[in-house]
Amino acid sequence: QDSVEWTAERPSAADQFSVIVIGSGPSGIATAIRLKHLGIPFVVLEASDDLGGTWHVNTYPGCGVDIASHYFSYSFAKNPAWSRYYAKQPEILAYLRRCADDADIPSHVRFRTEVLSASYDENDSTWLVEARTSDGNINRFRANTVISATGLLSSPKVPDFPGLGDFGGHAFHAAQWDHSVSLEGKKVALVGTGASGNQIGPAVAPIAESLTVFQRSAHWNIGIKNYLESVGEDERWLLANVPAYERWFRARTLLSQNDVNRPAQVVDPGWESTDGSISKLNAQARVALTEYIKDELGERQDLLPLTVPDYPPFTKRMLRDNGWYRMLRRDNVHLVPSRSLTFVPDGVIDDEGVKHEIDVCVFATGFEASKMLATYSVFGRGGTSIRDVWGDDDPRAHYGMTVPGFPNFFILYGPNTNIGTGGSIIFQAETWSRYIVECIKTMIERGAASIECTQSACDAYNGKLDERLAEMVWSVSPGGTWYRNSKGRVTANMPWTTFEYWAMTQRVGLEDFILTGSDGEPI
Ligand code: N01
């Protein structure tokens, strides 16, 4: 990806400018590195005690990425030393920290500083951010712009299961793993079989006395040949020392990861389905994926009806097979399909009324994805709250990054910017940060006090978005996913491929914005 550069010399006005970045996950780090490169003063406010965002917070057994590591890397910090084709959490976290350290980002971060509110001050076009530090003090920060980089999947969701309060064992969410609880020799329950559960199960089954998997819906798993493999020393040497090999390897990885699934996700209105599929390609994917499950289940073909999803492939996020079906074949693993669960002091009762004795329950039940910007209050022009504009969970933004009425406020991983079609969120983080830092650069170069997208630009973009979304499998297939909000609208995913989105945000279209000087007059 391109870096953002000043048009000519760095303007001295940059010295007086200030940016607050909220969050130091992969997107926050990418943004901070771009700001640092331009010499724009910034501070990063981070609620946690370290960098890394989701890769710092998620420490559950088996945690790792399911996008190829060599593509799940910043374009400015390729990492030929990845030890696995699909890296695990400790290595990813170490990589992110290294990238941040190399650019001296930690010296800009205020750790243990939890943002409570951000309010736009129309008098001087600045943002006032209030944050609570770990000693309970409220600190106030003022800056020309705020960049929210708090992540999409950062508010863990534990459903309100009946009786949960009476459960006598240990219970925790996957993203809040309690490492003081040993699972060795314990009767463990896993609720949720999405991407988190899919990694937790195979890691826990070998150490627990028993693992009971409560499954509300089966998920589609793709088998990837080198998913569990380490990168051999020879290949690492080639990647580090032979540029042509490295280019070929990255191109091949990119082609295998990026957007190849899109055609199977687009609805064919003329397709006559007998199995709920949405197109010929989608039906073919179902057949191939079902064959894969059959193979992996081996002698346990009795599990086939429970493990083949009843919805088309790609309706929910596709998983990479992490040894899931082989895990189900173990004697100490019990797969329990259940629409509802009731907790009792020593276990869980399924929807057939069967009680399962449990010592520890792990909730891999996902996140509040649609409730964006819900962890702190945001007040724009006229004191309008973002909740007044978006409601509880119906967010919209211009390219997912700026909202009319909220000048100088930018969002990373905002509405409809998640990749539904396959690709690296690190690539996406670089795309967002590029666009946003380009906006800030423009403000400084033009001497603008504020930049605000117009309602008409935002509406036009969202109109195009809705049109394309309507043809995607996640919009039409039955069944809830975190892609959708409580009304069923897809609020997380974009319908574009990562390259389409990258291309449409390469240039900041100034016709989409109102730039205003410090006198309040349009520039
Ligand atoms: O969460 P999910 P996740 N009773 O929302 C079930 C990224 N990620 O944390 O399918 C019973 O996908 C729910 O059932 P159903 C990735 O983008 C990536 O696993 O709704 N069950 C589902 O099975 C991913 O998509 C990686 O019927 C309930 C599960 O809980 C995203 O994070 C690793 C329930 C939730 O699945 C979220 O993944 C981990 C209830 N009341 C995460 N409510 C990798 O890159 C929910 N469920 C590898």
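Numbers here simply count residues along the sequence, with the first being 1. Atoms within each ligand, like the ligands themselves, are counted from 1 in listed order.
- An N or O contact shorter than 3.5 Å links Ala195 to ligand 1 by distance.
- When all heavy atoms of Ala264 and Ile278 are compared, the pair lying nearest together is O-CD1, 3.7 Å.
- For Arg317 and Asp66, the salt-bridge test passes: some basic side-chain N is under 4.0 Å from an acidic carboxylate O.
- Distances shorter than 4.0 angstrom occur between a heavy atom of His219 and an atom of ligand 1.
- Rounding to the nearest 0.5 angstrom, the gap separating the OG atom in Ser475 from the CG atom in Leu469 is 5.0 Å.
- Using cut-offs of 30° and 60° on the angle between ring planes, the pair Trp82 and Tyr95 is tilted.
- Ligand 1 has no nitrogen or oxygen under 3.5 angstrom from a nitrogen or oxygen of Lys157.
- Here Leu153 has side-chain heavy atoms under 4.0 Å from ligand 1, and that is the only part of it that gets that close.
- The pair Glu291-Arg286 does not meet the salt-bridge criterion, since no charged nitrogen lies less than 4.0 angstrom from a carboxylate oxygen.
- Remark: of the listed residues Leu328, Ile200, Leu190, Leu190 is the sole one forming a side-chain contact (heavy atoms from CB on, under 4.5 Å) with Leu211.
- Of all atoms in ligand 1, numbered sequentially from 1 with element shown, those under 4.0 Å from a heavy atom of Lys316 are 10 (O), 15 (P), 20 (O), 27 (O).
- In Gln215, neither the side chain nor the backbone holds a heavy atom less than 4.0 Å from any atom of ligand 1.
- Of all heavy-atom pairs between Thr193 and Phe214, the closest is CG2-O, 4.3 Å.
- The residues Asp346 and Lys355 are annotated as salt-bridged, a charged nitrogen and a carboxylate oxygen being separated by less than 4.0 angstrom.
- Contacts between Ala364 and ligand 1, counted as non-hydrogen atom pairs separated by less than 4.0 Å, involve the backbone only.
- Of the listed residues (Lys88, Arg216, Gln89, His173), the one carrying the non-hydrogen atom nearest atom 40 (C) of ligand 1 is Arg216.
- Taking a cut-off of under 4.0 Å to the non-hydrogen atoms of Gly64, the atoms of ligand 1 that pass are 44 (C), 45 (O), 48 (C).
- Between the NZ atom of Lys316 and the OH atom of Tyr311 there is a distance of 4.5 Å, given to the nearest 0.5 Å.
- Of all the atoms in ligand 1, the ones that sit under 4.0 Å from a non-hydrogen atom of Pro159 are 34 (C), 40 (C), 41 (N), 43 (N).
- Heavy-atom proximity to Gln199, at under 4.0 Å, picks out these atoms of ligand 1: 33 (C), 48 (C).
- The N/O atoms of Phe367, backbone and side chain alike, include none that comes under 3.5 Å of an N/O atom in ligand 1.
- When each atom of ligand 1 is checked for a heavy atom of Gly192 under 4.0 Å away, the hits are 6 (C), 23 (O), 29 (C), 30 (O).
- Below 3.5 Å of separation, one finds no N or O of Arg339 facing any N or O of ligand 1.
- Remark: distances from the non-hydrogen atoms of Tyr60 to ligand 1 include one below 4.0 Å.
- Looking at Ser217 against ligand 1, both its backbone and its side chain come within 4.0 Å, counting heavy atoms.
- Open room surrounds CD on Glu352; 12 or fewer heavy atoms of other groups in view lie less than 6.0 Å from it.
- Remark: distances from the non-hydrogen atoms of Phe161 to ligand 1 include one below 4.0 Å.
- Glu299 has a carboxylate O that lies under 4.0 Å from a charged side-chain N of Arg329, or vice versa, which qualifies the two as a salt bridge.
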